[in-house]
Amino acid sequence: MDSLFLAACRGQSTPRPPLWLMRQAGRYLPEYREIRSNVTFLELCKTPALAVEVTLQPIRRFGFDAAILFSDLLIPLEAMGLEVVFTELGPSLPAPVRSEEDLARVRVFDPWESTPFVYETIRLLKDQLGDTPLIGFAGAPFTTATYAIEGKTGKQFIETKKLLNRDPKTAHRLLALIESATRSYLLAQVAAGAQAIQIFDSWVGVVSPEEWDEFVLGPTKTLVAAVKATGVPVIYFPNGATTLLDRISKVEADVYSIDWRLPLGQARARLQEGASGTFAVQGNLDPALLLGREDRLRLQVAKIVGEGGGRGHIFNLGHGIYPETPIASVEALVRAVRGQ
Ligand code: CP3
């Protein structure tokens, strides 16, 4: 029998929504900070025994219904030949890609050769997770491209917008290269044992409808189709883009992860306008509610569970959990979702 999580991914009814949290492994957990105090973030990502341990920490503590591989969105960019450094302020790429000449520095890579630690981590996790399904992930082509172009987490994404609109040919080529590299990276995750794949489009909320149609839909849909062809469900997370949901469902993902800016029921209806088949939804609690009062949290959880309708709904946050989140709030969330 499928786990609650995989059943919901397939659009089936579940006695309660399965629950996991974006960024569930990380700094809000004292046991993560303990391990992290001895190694750099990149070392943590690249040392399978440690990556396994921090992946398992939130599962042990909260019994979430799915685990997510501990890694980072920027790992494939490094494998594509771009230098990546992590500072206190987040990731940065000293030599961003902003012209046709810069494209020469970007290469499609052999995943088994360049990122073997990812697949070793997955294999080790599969031995230890038992019945808990494992989610693999990567950035969507657009979001990964924003890091290549901006050289950091963007604010206005001016450099990205400039490339799209000054040199659309180079933008298309960069997106196609990233899609191709991400495709082999994700197919290898599935081969190693990942049972679902989430594609994070964290910054796609900055594109216009026209830019979505011209630049984003094509490579995203190609990537989703390639992963779906393996038989594992694909979750697509278009953060901040609820105004584009009718266009977004044309990527034909199995599951859409919804941010907190629209009620889940309305999100489903907007997705339905562009969808050619059935789909499930994931979300969509504002992670900031975990910083507030428990009564307000419980009220919103009940509302979301109601809108989820007990069918094809995975409970999650609308974006990653904040590092300042109290453990007690996560415990309260787990109880609320389980109807306790
Ligand atoms: O979800 C999980 O528990 C798995 C691990 C995971 C991390 N990053 C660990 C991480 C996942 C799925 C990601 C994805 C990721 N990385 C995204 C997409 C999700 C999203 O939040 O939109 C993005 C945009 C990144 C890029 C990134 N990595 C940024 C912007 C930062 C700095 C900001 C921050 O939160 O510190 C990181 C660092 C990072 N990735 C940390 C962790 C646990 C913190 C590093 C540390 O321990 O110092």
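Numbers here are sequence positions counted from 1. When a ligand or atom number is given, it counts from 1 through the structure's own listing order. Predicted model only: the values in this text are computed from it and were never measured.
- By the 4.5 Å side-chain criterion applied to Ile, Leu, Val, Met, Phe, Trp and Tyr, L4 is assigned to no cluster and stands alone.
- In terms of polar-atom proximity, T153 is not counted as a contact of ligand 1, lacking any N or O under 3.5 Å from an N or O of the ligand.
- Less than 4.0 angstrom separates some heavy atom of S202 from each of these atoms of ligand 1: 18 (C), 19 (C), 20 (C), 22 (O), 24 (C).
- For the salt bridge (Lys or Arg N to Asp or Glu O under 4.0 Å) condition, the pairs that include at least one residue of residues 55-74, sequence neighbours left out, are R16-D65, E31-R61, E53-R60.
- Annotation: Y147 places no N or O atom under 3.5 Å from an N or O atom of ligand 1; distance criterion only.
- In this comparison of F200, F41, F70, the heavy atom closest to atom 19 (C) of ligand 1 sits on F200.
- At under 3.5 Å, a nitrogen or oxygen of R27, whether backbone or side chain, sits near a nitrogen or oxygen of ligand 1.
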Kindly determine whether Q24 and Q57 satisfy side-chain hydrogen bond (donor to acceptor under 3.5 Å, both in side chains), including the steps that lead there.
-> CA-CA 9 Å; Q24 64 191 17; Q57 285 174 346; over 6 Å; no
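- No part of P323 comes within 4.0 Å of ligand 1, judged by heavy-atom distances.
- Only the side chain of F86 comes within contact range of ligand 1, with a heavy atom under 4.0 Å; no backbone atom does.
- The side chain of L74, and not its backbone, has at least one atom closer than 4.0 Å to an atom of ligand 1 (non-hydrogen atoms only; side chain from C-beta on).
- Contacts between R36 and ligand 1, counted as non-hydrogen atom pairs separated by less than 4.0 Å, involve the side chain only.
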